[in-house]
Amino acid sequence: MGIYVNPNNEGFKTALRSKIYVDKTMMIDFTNSILNTKQKYVCITRPRRFGKSMAAEMLAAYYSCGCDSKELFSNLKIAKTPDFENELNKNCVIMMDIQKMRAVAIALKQDYLEYIQKCVIDELKTIFPDCIAETDTFLPKVLLNIYARTNTQFIVITDEWDCFFREDKNDTELLKNYLNFLRAMYKGTESDLFIKLAYMTGILPIKQYDVQSAMNNFEEYTMLMPLPLTEFIGFTENEVKDICEKYNLDFDETKRWYDGYDYDDVGAIYNPNSVVKAANRHCFGSYWTATGTYESIKNAISYNFKGLRDEVISLVTGKRIGVDPYSFENDMTSIKNNDDIFTLLVHLGYLAYDSRNKEVYVPNKEIAEEFGTALKDSYKNTKISEVLERSKTLIRETIKGNADKVAETLEIAHEDETSVLSYNNEESLACAINIAYYYARSDYLMVREFPTGKGFADLTLIPSKFCDKPAMIIELKIDKDAETGIKQIKEKRYHGKLKDYLNNIVLVSINYDKKTKKHSCVIEHLD
């Protein structure tokens with residue numbers, strides 16, 4: 001039993017001891033099915049705090065011959081499969097957490113790749129002393145020699161494989177050497193001999209050059225295309241419902257905060273870290289995003305590409321943007337256009353991807369809050385920053401019936417949000433209103449074209465369960481008058497679907513005059 005070679009099962013034990021544990025052991029059934037096949041090279045990428053390391057520790061606990069894990073798995077799903085014991089603790093496992101090993105190498109002022117290989121080779125020497133010479137320093141050669149002499153194959157688990165591409169993205173020499181190391185480890189007829197399973201996890205998919213991957217023998221399962229491993233990305237809706245029921249957590253509010261990653265095969269996928277923290281603390285909040293989301297979004301939207309700001313604003317107001325994700329080279333330096341930026345944000349978890357329509361969108365309230373903060377800071381001293389600042393009090397002014405104040409804020413938003421070509425259409429007005437009411441998302445579900453009564457309200461604000469604010473119906477008009485909008489709301493009974501709020505609804509009508517570029521507003525509390 002070692003730290004890197006044939007590790008113990010303490011990491012997985014810690015997960016099982018936790019207050020909330022969701023059984024994802026059927027992933028082992030999948031990895032068992034690909035051992036020593038052409039599909040044995042696997043790279044699974046997903047965002048931070050989505051359970052990558054826990055899954056790696058689970059696999060190590062199951063496969064490693066350095067521990068006895070039968071009892072640990074006995075009550076879990078994988079134990080019910082007919083082949084459960086075939087590979088249980090019968091394999092020579094190498095487990096490398098690149099991020100942790102890099103941190104130690106920095107502290108010791110050693111070369112990253114030399115340190116990583118030395119750590120593993122030193123432990124291999126104790127197990128296979130006759131197969132390794134003192135001068136052997138290249139891990140792929142050492143593994144091939146061990147196989148040649150003992151017929152031993154290895155399951156190699158590499159956690160945070162892309163760490164260098166994220167943390168040392170400008171060190172081209174390091175990245176080149178690292179890719180050459182990975183090629184020697186995992187690509188070619190020699191690696192096919194000593195590798196029984198190569199399981200890599202990270203945030204970014206494998207680096208591409210032109211149209212070819214550096215290791216195109218790997219099967220990649222990403223946030224763009226996770227099949228057939230979608231259910232292991234995060235928590236499924238049924239798993240979240242079980243947690244909510246057990247910990248008396250409101251499911252609808254949990255969905256509003258942490259859902260949004262939707263896939264055809266399993267439906268909704270939730271951020272696991274945030275759901276667990278909300279259940280443990282019995283309080284909703286931006287738990288995952290507090291660990292660095294703001295800076296990542298800010299850096300991504302700081303590029304000066306044509307139309308980027310307008311598309312980001314469209315995203316934060318609830319729209320979806322069409323994206324071609326396949327030109328992205330899977331690193332954080334080769335950003336060429338808006339598609340690359342949005343694809344990077346999908347891999348980082350800050351946008352979700354609709355593969356059917358090839359569109360990206362902001363998945364949930366947790367992420368939406370961070371986008372607003374990053375947007376405001378990225379565009380300091382602009383009208384958009386002023387609009388977002390005013391947005392914090394706009395709901396209060398609307399509830400108070402301060403129509404002049406509301407019209408003034410919308411005028412600033414509309415002027416800043418639209419180009420000359422699109423300024424005079426209703427879509428641009430709707431976008432401006434959405435950004436002006438941005439911070440209303442803290443208390444409201446904002447729905448465009450909400451089906452109500454005999455038609456569709458332009459914008460409906462539905463209070464969350466934990467909010468005592470009124471519901472709102474907002475009607476938009478161009479070159480008419482604001483009173484007409486109020487009359488239309490009543491005549492078409494847009495409020496009919498809001499029966500739970502009939503004693504607490506605010507009607508808002510906004511008119512834009514193309515000629516004067518002025519906005520007028522009428523606000524009425526429905527009696």
Side-chain angles (χ1 to χ4, degrees), residues 4 41 43-45 48 52 56 94-124 132-145 154 156-191 194-195 198-218 220 222 292 295-296 299-300 302-303 326-337 340-341 343-344 347-348:
Y4 308 104
Y41 299 97
C43 182
I44 295 179
T45 55
R48 290 177 304 107
K52 297 188 300 295
I94 296 173
M95 185 168 179
M96 298 178 288
D97 184 327
I98 301 300
Q99 186 159 291
K100 290 181 180 177
M101 297 174 88
R102 172 185 177 274
V104 176
I106 290 173
L108 297 175
K109 298 181 179 180
Q110 293 189 19
D111 178 88
Y112 299 163
L113 289 179
E114 288 179 5
Y115 175 77
I116 289 170
Q117 293 180 87
K118 185 177 186 304
C119 286
V120 177
I121 291 171
D122 283 351
E123 290 192 8
L124 286 170
I132 306 171
E134 286 300 320
T135 55
D136 286 336
T137 58
F138 191 50
L139 182 58
K141 179 176 178 292
V142 168
L143 297 180
L144 183 62
N145 288 342
F154 296 87
V156 184
I157 301 171
T158 309
D159 197 14
E160 302 285 359
W161 87 271
D162 59 330
C163 172
F164 297 143
F165 286 94
R166 292 182 280 112
E167 305 294 340
D168 307 284
K169 53 183 177 288
N170 296 315
D171 191 339
T172 55
E173 188 66 20
L174 168 64
L175 299 183
K176 177 183 174 182
N177 292 337
Y178 181 50
L179 279 175
N180 286 334
F181 165 72
L182 292 176
R183 284 194 190 97
M185 278 287 292
Y186 302 126
K187 191 170 184 179
T189 55
E190 291 183 345
S191 63
F194 62 78
I195 292 291
Y199 178 91
M200 298 201 311
T201 76
I203 294 174
L204 297 176
I206 295 171
K207 167 71 178 172
Q208 293 181 355
Y209 294 99
D210 298 322
V211 296
Q212 289 294 322
S213 165
M215 293 175 290
N216 55 13
N217 58 324
F218 269 80
E220 293 198 76
T222 71
E295 285 298 332
S296 297
N299 291 339
S302 65
Y303 284 85
Y326 299 109
S327 66
F328 181 55
E329 294 183 12
N330 300 338
D331 65 37
M332 302 179 78
T333 58
S334 305
I335 304 294
K336 303 179 294 296
N337 51 44
D340 287 352
I341 290 171
T343 304
L344 172 61
H347 290 303
L348 295 175

Query raised in the report: With a 4.5 Å limit on heavy-atom distance, are the side chains of N145 and I132 in contact?
Result: no
Query raised in the report: Between L204 and N330, which heavy-atom pair has the shortest distance, and what is it?
Result: CD1-O, 3.9 Å
Query raised in the report: Can you tell me how far the OG1 atom of T343 sits from the CG atom of N337, to the nearest 0.5 Å?
Result: 8.0 Å
Report summary line: Note: I157 and A56 closest approach over all heavy atoms is CG2-CB, 3.8 Å
Query - CD/E167: more than 12 non-hydrogen atoms of other groups inside 6.0 Å - result: yes
Query raised in the report: Between CE of M332 and CG of D168, what distance do you get to the nearest 0.5 Å?
Result: 12.0 Å
Query raised in the report: Quick one: CG on N299 to CG on L348, what's the gap to the nearest 0.5 Å?
Result: 10.5 Å
Report task. Would you please classify the geometry between the F165 ring and the W161 ring as parallel, tilted or perpendicular, with 30° and 60° separating the classes? Result -> tilted
Report summary line: Scanning both residues in full, the closest heavy-atom pair of P140 with F181 reads CD-CE1, 3.9 Å
Query raised in the report: For the residue pair I206 and F218, what are the closest heavy atoms and their distance?
Result: CD1-CB, 3.6 Å
Report task. Report yes if some heavy atom in the side chain of M200 is under 4.5 Å from a heavy atom in the side chain of T45; otherwise report no. Result -> no
Query raised in the report: Does F154 have its ring centroid less than 6.0 Å away from the ring centroid of F194?
Result: no
Query - Carboxylate-amine/guanidinium proximity below 4.0 Å for R102 and E160 - result: no
Report task. Could you check whether the rings of Y186 and Y41 sit parallel, tilted or perpendicular, using 30° and 60° as the cut-offs? Result -> perpendicular
**Report entry** CA sep, side-chain torsions, deciding dist, call: M215, L182, side-chain contact (heavy atoms from CB on, under 4.5 Å)
**Finding:** CA-CA 8 Å; M215 293 175 290; L182 292 176; 3.5 Å; yes
Report summary line: OG1 of T137 to CD of Q117, rounded to nearest 0.5 Å, is 7.0 Å
Query raised in the report: What heavy-atom pair brings M96 and V156 nearest, and what distance separates the two atoms?
Result: CE-CG1, 3.9 Å
Query raised in the report: Within a reach of under 6.0 Å around NZ of K100, are more than 12 heavy atoms found that belong to other residues, nucleotides or ligands?
Result: no
Query raised in the report: Distance only, no hydrogens: is a donor on one side chain within 3.5 Å (strictly under) of an acceptor on the other, for S334 and D331?
Result: yes
Query raised in the report: Hey, what do you get for CD1 (I44) to OH (Y199), rounding to the nearest 0.5 Å?
Result: 3.5 Å
Requested in this report: Give, for atom CD1 of I94 and atom CD of E123, the distance between the pair rounded to the nearest 0.5 Å.
Outcome: 9.5 Å
Query raised in the report: Which heavy-atom pair separates Y4 from M101 by the least distance, and what is that distance?
Result: CE2-CE, 3.6 Å
Query - CA sep, side-chain torsions, deciding dist, call: D162, T201, side-chain contact (heavy atoms from CB on, under 4.5 Å) - result: CA-CA 8 Å; D162 59 330; T201 76; over 6 Å; no
Requested in this report: For the pair E329 and D340, evaluate side-chain contact (heavy atoms from CB on, under 4.5 Å) and give the outcome as yes or no after the intermediate values.
Outcome: CA-CA 8 Å; E329 294 183 12; D340 287 352; over 6 Å; no
Query raised in the report: Between D111 and E114, is there a donor-acceptor pair closer than 3.5 Å when you use the side chain of the first and the backbone of the second?
Result: yes
Requested in this report: May I ask you to check whether T333 and N170 show a side-chain donor-acceptor distance below 3.5 Å?
Outcome: no
Requested in this report: State, with a plain yes or no, whether a side-chain heavy atom of L175 is found less than 4.5 Å away from one of K207.
Outcome: no
Requested in this report: Decide yes or no on side-chain contact (heavy atoms from CB on, under 4.5 Å) for F164 and L179, but give the supporting numbers first.
Outcome: CA-CA 10 Å; F164 297 143; L179 279 175; over 6 Å; no
Report task. Could you tell me whether D136 and K141 make a salt bridge, using a distance below 4.0 angstrom between a side-chain N and a carboxylate O? Result -> yes
Query raised in the report: Is there side-chain contact between F328 and I335, with heavy atoms separated by less than 4.5 Å?
Result: yes
Query raised in the report: Do R48 and I203 come within less than 4.5 Å of each other through their side chains, counting heavy atoms only?
Result: yes
